[in-house]
Amino acid sequence: MLRPALRRLSTASWFQTAVGVVGAECLRLVWKTSRFALEPPDIYETVKPDLPVIVAMWHGQHFLMPFIKLKTHRAKTLISHHRDGAFNAVAAEWLGVDVIRGSGTHGTDFHRKGGVSAFREMLTALEEGYNVAMTADVPKVSRVCGAGIVKLASMSGRPIYPLAIATAPRWELDNWDRSVVSFPFSRGARVAGAPVRVPPDADAAALEAARLAVEQSLNAATARAYEIVDGKQESAVRG
């Protein structure tokens, strides 16, 4: 009896709103009380001519992503229709990021998960000048880049900027996406990987090459972010 009751509670809009807002404010506390290195230090100037861009991240590292946005940036993010996604959607909107609901898939249920409509929304958002942030790995397959993000880059003509955020100390959950819980007064790092540009006429081989490039760039950015916060090498810029 307890499990069905908890399931009903988790789908109640008032409960989702309450949890999402509290979660957002906890994240704000982490951001405000922690010191975050930025690498490369001129990334905001570097990216300016490419705006709007597609921001790629791994599942489980998305919680602090709303804070990378400058006040002058408009941004939307893709969040799944799963009930856990509802909490994330509330938190993102509370922190000033618009939400597009839909999921990445392995290709067999793209339409059922709202993938087609979400893909169109992301294309429209980029055309309207919004930066679009999305997880590069599809659900349940951690750290393996899916094809959706490179198809979006090809059809929109916008570059992909891989981004990783790490903190220490941290609590890494034992789940499929290795979700990380950050604590206030932490050491943090924001690391942007090498951008990936996908030509509009990319064939299957070119799309696969781009997919691998995003995966490799994002893995490199993630490794570098953890390297910084775990004290193996200090970054010159903090903010």
Side-chain angles (χ1 to χ4, degrees), residues 2-36 38 52 54-104 113-114 117-118 121-122 124-125 128-137 139-140 142 163-190 225 229 239:
L2 180 59
R3 184 171 296 177
L6 290 175
R7 187 176 294 112
R8 288 194 297 272
L9 179 63
S10 68
T11 58
S13 60
W14 67 267
F15 183 75
Q16 293 172 347
T17 299
V19 172
V21 170
V22 170
E25 289 304 321
C26 288
L27 293 173
R28 196 191 306 274
L29 177 64
V30 171
W31 187 261
K32 291 289 188 181
T33 60
S34 302
R35 299 182 65 198
F36 283 85
L38 178 63
I54 301 165
V55 177
M57 54 192 167
W58 286 140
H59 269 94
Q61 296 184 350
H62 59 279
F63 297 113
L64 292 171
M65 287 293 177
F67 300 104
I68 69 167
K69 182 177 73 71
L70 300 181
K71 290 182 179 180
T72 55
H73 293 163
R74 295 192 299 166
K76 294 190 177 186
T77 187
L78 178 67
I79 295 179
S80 76
H81 283 296
H82 190 274
R83 65 175 178 270
D84 291 345
F87 303 114
N88 290 330
V90 171
E93 291 179 333
W94 186 261
L95 295 172
V97 178
D98 292 338
V99 170
I100 296 170
R101 300 302 298 271
S103 299
K113 290 192 174 185
S117 61
E121 281 192 67
M122 289 189 289
T124 299
E128 294 176 347
Y130 286 87
N131 299 298
V132 170
M134 60 184 296
T135 50
D137 43 353
K140 309 304 181 184
S142 178
L163 184 70
I165 297 181
T167 58
R170 59 186 175 270
W171 177 28
E172 186 171 308
L173 303 183
D174 186 20
N175 57 3
W176 75 269
D177 63 6
R178 312 176 204 175
S179 294
V180 172
V181 177
S182 300
F183 301 103
F185 305 101
S186 295
R187 298 184 306 277
R190 300 162 289 170
V229 300

Novice: Set out, in order, the CA-CA distance, both residues' side-chain angles and the distance that settles side-chain contact (heavy atoms from CB on, under 4.5 Å) for Leu173 and Val181, then state yes or no.
Specialist: CA-CA 8 Å; Leu173 303 183; Val181 177; 4.3 Å; yes

Novice: Check each of Gln61, Met65, Met57 against Thr135 using the side-chain contact (heavy atoms from CB on, under 4.5 Å) test, and report the only one that passes.
Specialist: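 Testing Thr135 for a side-chain contact (heavy atoms from CB on, under 4.5 Å) against Gln61, Met65, Met57 leaves exactly one candidate, Met57.
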
Novice: Closest approach of Leu78 and Ala118, non-hydrogen atoms and distance?
Specialist: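 Heavy atoms only, the tightest pair is CD1-CB, 3.8 Å.
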
Novice: How long is the span from the CD1 atom in Ile68 to the CZ atom in Arg190, to the nearest 0.5 Å?
Specialist: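 Reported to 0.5 Å precision, the distance equals 9.0 Å.
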
Novice: Any idea which heavy atoms bring Ala189 and Ala225 closest together, and the distance?
Specialist: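 Heavy-atom minimum between the residues: CB-O, 3.8 Å.
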
Novice: Can you check whether Ser80's main-chain N or O pairs, donor with acceptor, with Arg101's side chain at less than 3.5 Å?
Specialist: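 Answer holds: yes.
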
Novice: Would you name the heavy atoms of Ala136 and Trp58 that are closest together and state the gap between them?
Specialist: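 Of all heavy-atom pairs spanning Ala136 and Trp58, the closest is CB-CZ3, 3.9 Å.
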
Novice: Apply side-chain contact (heavy atoms from CB on, under 4.5 Å) to the pair Asn131 and Lys69, showing each step before the final yes or no.
Specialist: CA-CA 9 Å; Asn131 299 298; Lys69 182 177 73 71; over 6 Å; no

Novice: Can you list everything that forms a side-chain hydrogen bond (donor to acceptor under 3.5 Å, both in side chains) with Trp94? Sequence neighbours excluded, please.
Specialist: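 Per chain and number, Trp94 pairs via side-chain hydrogen bond (donor to acceptor under 3.5 Å, both in side chains) with Glu25.
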
Novice: Among Val90, Val99, Val97, Ile100, exactly one meets side-chain contact (heavy atoms from CB on, under 4.5 Å) together with Ile79. Which residue is that?
Specialist: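 With Ile79 as partner, side-chain contact (heavy atoms from CB on, under 4.5 Å) holds for just one option, Val99.
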
Novice: Are the side chain of Ser186 and the backbone N or O of Ser34 linked by a donor-acceptor pair below 3.5 Å?
Specialist: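 No; judged by distance alone, with no hydrogens or angles, the pair does not exist.
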
Novice: Within a strict 4.5 Å, meaning less than it, do heavy atoms of the Thr77 and His62 side chains meet?
Specialist: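 Of all side-chain heavy-atom pairs linking His62 with Thr77, none is under 4.5 Å.
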
Novice: Any idea which heavy atoms bring Pro184 and Val30 closest together, and the distance?
Specialist: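 For Pro184 versus Val30, the nearest heavy atoms are N-CG2, 3.8 Å.
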
Novice: When the ring planes of Phe67 and Trp31 are compared, do they come out parallel, tilted or perpendicular, using 30° and 60° as the limits?
Specialist: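 Parallel: the ring planes of Phe67 and Trp31 meet at under 30°.
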
Novice: Can you name the nearest heavy-atom pair linking Ile165 to Phe36, along with the distance?
Specialist: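 Smallest interatomic distance, heavy atoms only, reads CG2-CE2, 4.0 Å.
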
Novice: Test side chain to side chain donor-acceptor pair (under 3.5 Å) on Thr167 and Ser182; report intermediate values, then the result.
Specialist: CA-CA 6 Å; Thr167 58; Ser182 300; 2.7 Å; yes

